[in-house]
Amino acid sequence: GAVYYNLAIQKSAGTVGLSASSTVVNPLDLSGTGGTLDSQSAVLTVVGAATIAAGNTATTSNGTLSFGSTVSSTGSIGIGTTGSIAITGTFRNNGTLDLGSGTVTSTGVLTNPTTGTIHGRSGTLVLVGGLTNTGTFNPQSGTVIFHGSSVGVNQLTYNNLRIRGTATLSGSSVTSTVTGTFNIDSGATLTMTNSGVSEEAVHLILVGGGTNAGTLTLVAGGSYGPTVTSTAAFTNTGTINAAGTLNFGSSLTNSGTFSAGTSRVRYTGSSASNVGSAVYYSLDFIGGATYTVTASTTAMATTTVASGATVSLGSSILTAMGDITNSGTVSTGTGAFRHPVDYTRVTDRAGTVVASIAEGDSIYLTVRDQNRNLNGSVVETIVVPFAGDSASGSDSESITLTETGASTGIFRNTSAVTTHTGTIATDNGIFDFFASGVGTATYTDTHGGPDVGTATASIVRAASTAGSGGGGGG
């Protein structure tokens, strides 16, 4: 192939093609009014700077254009079927960069100013030095790969987006959308930092779902963490460090590490989805669909099931350590919905705790156990025994408690259990005792544990008063 010291092509029309690989040591200058330089199937290596003037085109059909220094283009750079462009220096595209179906690799910073246009076509743009974009970016069916160290992901709409290096998405108002596939490769890292005033101030929207085999880290730069919304299925085989919001519009498959931090995970899909097995912080099911828990799953803070949502446990265990708000349905199957008993109390009919019970008093029990509210549109019941100790006579009554509202998770008997002193008869709807002692309510949540809540009250029998007779005088 030829070696040129300087190469200037000044044509008003037509194409100059390379028949063999060639090298330009110093500047390449396409400064005509309408000419084209096509490396065809050969390799054109430009060691010095390259200038492509308006109306001119540098292209390769199936070969390679390799730029080792600054490239400044107000014309067009394009690729044919299997061609590639490698830019080691900086690249300022004031004209058109057309990826075709080939690959452009920019080691330096690629600048696409307001006058520039990038057409993704079906090609691949590899950004090692990052992209500064104020121009037009048309993703089409192309792929963008961030392959550098500490490279910022731009606020753009991408077709396919892949992270192969160390990338960041940060600011106070940044939204990036991926309509095709999204991947974080093994060993790669994407760190999102939100310095804005809402959870969606920094937002990554994955319309086609995604796969994380590397590390995805969400950081709260102020009062809010960033948000990732995956409309389609998402797979995590790497590490997710969450300090923000994750919205899953479809299934999550998690076989990697999920560090929940203080994050909120929302399942939002309108069609059946699988819930990724993990230890979550706050966990919400807010779409009108069935969400299937496929393996043991825990929410350390709040758990919310919205109206219209169904959480199906199958044979799995869902443990809710914090408050539960259920306006939908939890279908336990052969699994279990676990939650520590909030409280068990001996009360009056208004739910106020009473310390003692005497003959003629009414006994009410109040239990709060939020996982027993399985259907947020139905008032449910539980049965709790109240038993006296041996000193009082050992009576035991099974008391039916009814939920105070369709979704409260608080249960109290609506009919009073009366008290009576005398002969002991168990489970007759009357609590009998013949002496003072202690009565104990014992609630056992066999549905979700088992876990147990107890409450006691003193049983008080008033002392009998003996009469006295008077004497007569004589």
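Just one of I382, V383, T404 meets the side chain to side chain contact (heavy atoms under 4.5 Å, CB included) condition when paired with F411; it is I382. Checked options N93, T59, V71, I87; the residue passing with I77 is V71 (criterion: side chain to side chain contact (heavy atoms under 4.5 Å, CB included)).
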Problem set entry | Worked check of side-chain hydrogen bond (donor to acceptor under 3.5 Å, both in side chains) between T60 and S39 | CA-CA 5 Å; T60 178; S39 76; 2.7 Å; yes
For this session: Evaluate the criterion side chain to side chain contact (heavy atoms under 4.5 Å, CB included) for residue pair V353 and Y343; output intermediate values, then yes/no.
Result: CA-CA 11 Å; V353 173; Y343 56 73; over 6 Å; no
Exercise. Does the pair I324 and V330 meet the rule for a side chain to side chain contact (heavy atoms under 4.5 Å, CB included), with working shown?
Worked result: CA-CA 11 Å; I324 302 168; V330 178; over 6 Å; no
For this session: Start with the C-alpha gap between L127 and L110, add the side-chain angles, then the distance that decides, and say whether side chain to side chain contact (heavy atoms under 4.5 Å, CB included) holds.
Result: CA-CA 8 Å; L127 298 169; L110 193 160; 4.1 Å; yes
Exercise. What's the verdict on side chain to side chain contact (heavy atoms under 4.5 Å, CB included) for M192 and L216, showing C-alpha distance, side-chain angles and the deciding distance?
Worked result: CA-CA 8 Å; M192 298 175 58; L216 173 63; 4.3 Å; yes
Under 3.5 Å, which donor-acceptor pairs do the side chains of residues 265-274 form with other protein atoms, sequence neighbours left out?
unit_1 : atom_1 : unit_2 : atom_2 : d
R266   : NH1    : E199   : OE2    : 3.1
R266   : NH1    : N247   : OD1    : 3.3
R266   : NH2    : E199   : OE2    : 3.3
Y267   : OH     : G276   : N      : 3.0
Y267   : OH     : Y280   : OH     : 2.8
T268   : OG1    : F248   : O      : 3.4
S273   : OG     : S271   : O      : 3.0

Going by atom type alone, with no hydrogens or angles, which donor-acceptor pairs under 3.5 Å involve a side-chain atom of residues 134-150 and a protein atom two or more places apart or on another chain?
unit_1 : atom_1 : unit_2 : atom_2 : d
T134   : OG1    : T114   : N      : 3.2
Q140   : OE1    : G120   : N      : 3.3
Q140   : OE1    : R121   : N      : 2.8
S141   : OG     : R121   : O      : 2.9
T143   : OG1    : N160   : ND2    : 3.2

Which side-chain N or O atoms in residues 167-179 pair as donor and acceptor under 3.5 Å with protein atoms at least two apart or in another chain?
unit_1 : atom_1 : unit_2 : atom_2 : d
S176   : OG     : N154   : O      : 2.7
T179   : OG1    : Y158   : O      : 3.2

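In this structure, the side chains of V275 and L318 stay at 4.5 Å or more apart for every pair of heavy atoms. Proximity of F337 to D445: side-chain heavy atoms (C-beta onward) are nowhere separated by under 4.5 Å. Looking only at side-chain heavy atoms (C-beta outward), T70 and T90 come within less than 4.5 Å of each other. Annotation: side chain of H339 is in contact with side chain of D369 (closest heavy-atom distance under 4.5 Å). Residues L204 and V153 form no side-chain contact, since every pair of their non-hydrogen atoms from C-beta on lies 4.5 Å or further apart. Side-chain contact check for N373 versus T408: every heavy-atom pair is 4.5 Å or farther apart. With a 4.5 Å cut-off on side-chain heavy atoms, L246 and F258 count as touching. For the pair I240/F234, a side-chain contact is recorded, criterion being any heavy-atom separation below 4.5 Å from C-beta on.
For the pair T292 (side chain) and T294 (backbone), a donor-acceptor distance under 3.5 Å is absent. E403 places a side-chain N or O within 3.5 Å of a backbone atom of G409 that can act as its donor or acceptor partner. A donor-acceptor contact shorter than 3.5 Å links the side chain of N413 to the backbone of L365. S327 contributes no side-chain N or O that, together with a main-chain N or O of T325, makes up a donor-acceptor pair within less than 3.5 Å. Without hydrogens or angle criteria, S61 side chain to Q40 main chain gives no donor-acceptor distance under 3.5 Å.
Counting only N and O atoms by type, the side chains of S282 and T302 include a donor and acceptor under 3.5 Å apart. Inspection of the T96 and H119 side chains reveals no N or O donor paired with an N or O acceptor under 3.5 Å. Side-chain contact annotation: Q370 with N326, donor-acceptor N/O pair under 3.5 Å absent. No hydrogens or angles considered: a donor-acceptor pair under 3.5 Å links the side chains of T366 and R412. No side-chain donor from either of T103 and S84 sits under 3.5 Å from a side-chain acceptor of the other.
Nearest approach of A49 to S69, heavy atoms of both residues: N-CB, 3.8 Å. Among all heavy-atom pairs drawn from N194 and G196, the shortest one is OD1-N, 2.7 Å. Closest of all the heavy-atom pairs between I85 and I79 is CD1-CG1, 3.7 Å. Scanning all heavy atoms of the two residues, the minimum distance from V197 to Y224 falls at O-CE1, 3.2 Å. Across N94 and S72, no two heavy atoms sit closer than the pair ND2-OG, 4.2 Å. Listed here is the closest heavy atom pair of A299 and T303: CB-OG1, 3.3 Å.
S22 contributes atom OG, which lies 9.5 Å from atom CG of L37 (distance to the nearest 0.5 angstrom). Distance OG1/T23 to CG/L44: 7.5 Å, rounded to 0.5 Å. The structure places CG of D185 at 12.0 Å from CG of L190, a figure rounded to the nearest 0.5 Å. Expressed to the nearest 0.5 Å, how far CZ of R92 lies from OG1 of T74 amounts to 11.0 Å. The CD1 atom of I52 lies 6.5 Å from the CG atom of L28; values are rounded to the nearest 0.5 Å. The distance from the CG atom of D451 to the CZ atom of R338 is 9.0 Å, given to the nearest 0.5 Å.
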